[in-house]
Structure formats: C-alpha cells, structure tokens
Amino acid sequence: KNEVEQSPQNLTAQEGEFITINCSYSVGISALHWLQQHPGGGIVSLFMLSSGKKKHGRLIATINIQEKHSSLHITASHPRDSAVYICAVLKAAGNKLTFGGGTRVLVKP
Amino acid sequence: KAGVTQTPRYLIKTRGQQVTLSCSPISGHRSVSWYQQTPGQGLQFLFEYFSETQRNKGNFPGRFSGRQFSNSRSEMNVSTLELGDSALYLCASRFGPDYEQYFGPGTRLTVT
C-alpha cells in the first residue's frame, strides 16, 4: 500500500463547480504539500501546511493531523484550473518528500 | 528574483551513455533536491543537497549521483543509461529544511 493515497484519480467538473481532492497518508509527517502540475511538466507549490487550514484565492487546503488526512478545495472552478494536483508529505523521519499519485482535474467551460 | 533554472530542458541519449543535468537554485537557497517523474512510478525523490553535503537519498541505484557546488548550483549524473531512465527530472530549491520548495521546469530525458 502506498504511503500517500489520493482520491479521486480523475475528476471532471463544469466551470463554476466546487472541487474537492483528498489525500490520506500513513506515516508521521512534519508537513504536507499540495502541488499543481500543468501539461508540459512545470510544478508549482500551492500550499505547505502542518496544521489547520490555508487559503489562497479560490484554493483552500485543510489538514487533520490526527486523522492523517488533507483536502484541497477549489471554489468556483475555472478551465485554467485544469491540471494534475499532487499531494506530497514530508516525512518526519528522514525529511524526504513522498508523493501521491496525483489527481487529474479537467474543468469544462 | 529569478526562479529555479534547469539545463538542458530536453535531452536524447543512447543506452549505455552517461548524462549530466544542471540545476541553479533561487538566489539565497542552500538546499537543492532532485526528483524523477515517470508515467509508471510517478514522482520519486532522488537526493537532497544542503551546503554541498548530501543530506538524504532515495532508493535509486548507484548509477544516479549528484553534487552541489559552493554557489549552491547542483548537478546530477546518471551513468550507463537504461531505457527506464527516460523521465522528467525535476529539481527544487528551498532556503532551508522547514521552508517551502520551489520547483524548476524540469529536464526531459529520453533514452533510446
């Protein structure tokens, strides 16, 4: 079983819809990252969080350390949000990033 | 401030050859990490350098090596290339261990 699991693997939404991506992990962590990767490969770090909730524009990330679970929400989704979203955890032991398999999001106009 | 840069952006090599990829971190960042991304395995951690010292290493064979220079620029080397080494190689820099990572655009390596 992978140490970091994301769901769903693929998601299609209509423009304006609310999107939620989930990430569960099984190891002790010091931080969790949400990353965005557009076609072509470039990765952008969206959030780094170790507790609670962070918001940036239409994006919200939450983490529940006790339940080892994080969610990324996209409000009022737009076609430019179409990308692969990747959850990555910084393991407490070893300080290495371990990645989930990614969620491919397609937002249709 | 300039972002993380990687050179070259694209590379085609033949099995058995070796390759060197370069990464220039954001100015002031002393940590550089390298990752491999393939369709089958996804993103995997290769190694991290901080102040010229390797701090962490992923589960890759010894054919994969790296180094960091005094100006924080880093190189990774893959010797005796195999078809399975075809991948997008990403580097990321950060100021220190508890800081956010910033990714470069990647080098797409194709081994034929």
Side-chain angles (χ1 to χ4, degrees), chain A residues 1-10 21 23-25 27-51 54-56 59 61 63 70 72 83-105, chain B residues 3-11 21 23 25-26 29-51 53-60 66 86-110:
Chain A
K1 193 177 187 295
N2 292 336
E3 292 176 325
V4 183
E5 297 277 0
Q6 283 186 240
S7 63
Q9 284 187 296
N10 296 282
I21 302 167
C23 175
S24 296
Y25 53 92
V27 294
I29 70 168
S30 55
L32 182 143
H33 296 251
W34 281 103
L35 311 171
Q36 180 193 56
Q37 186 172 34
H38 280 284
I43 289 181
V44 174
S45 178
L46 298 174
F47 296 102
M48 183 176 83
L49 65 166
S50 54
S51 66
K54 286 190 176 181
K55 184 175 189 291
H56 182 70
L59 302 177
I63 187 168
S70 175
L72 177 68
V84 176
Y85 293 83
I86 302 167
C87 168
V89 300
L90 193 62
K91 288 183 176 181
N95 204 33
K96 302 178 190 181
L97 268 185
T98 300
F99 299 87
T103 296
R104 188 173 299 274
V105 172
Chain B
V4 178
T5 58
Q6 291 187 246
T7 56
R9 293 292 311 280
Y10 301 92
L11 203 49
L21 312 181
C23 172
I26 291 172
H29 287 192
R30 293 189 294 165
S31 166
V32 174
S33 297
W34 288 91
Y35 302 93
Q36 182 197 63
Q37 186 177 37
T38 59
Q41 299 296 319
L43 269 163
Q44 293 181 282
F45 171 78
L46 277 157
F47 28 66
E48 180 186 14
Y49 287 87
F50 184 82
S51 294
T53 301
Q54 187 180 88
R55 293 186 66 218
N56 278 303
K57 192 175 190 306
N59 296 326
F60 280 82
S86 295
L88 180 67
Y89 290 89
L90 292 150
C91 84
S93 76
R94 54 182 171 171
F95 181 76
D98 297 324
Y99 291 79
E100 199 158 353
Q101 294 202 25
Y102 293 84
F103 286 81
T107 294
R108 190 165 295 280
L109 171 66
T110 302

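The sequence lines fix the lettering, A, B, ..., with proteins before strands; numbering per chain opens at 1.
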Nearest 0.5 Å, what's the CD-NE2 distance between B:Glu100 and A:His33?
7.0 Å

So which part of B:Gln41 gets closer than 4.5 Å to some heavy atom of chain A, the side chain, the backbone, both or neither?
neither

Is B:Leu43 close to chain A through its backbone or its side chain, or both, or neither, when contacts mean heavy atoms under 4.5 Å?
both

Tell me whether the count of non-hydrogen atoms from other residues, nucleotides or ligands lying under 6.0 Å of CG in B:Asn59 goes above 12.
no

Considering residues, nucleotides and ligands other than B:Phe60, do more than 12 of their heavy atoms fall under 6.0 Å from its CZ?
yes

Flag the pair B:Asn56 / A:Lys91 as yes when at least one side-chain heavy-atom distance between them is below 4.5 Å, and no otherwise.
no

Test item: B:Tyr35 and A:Ile43 side chains (from C-beta on) under 4.5 Å apart, heavy atoms
no

Tightest non-hydrogen contact, residues A:Leu35 and B:Phe103, listed as CD2-CE1, 3.9 Å

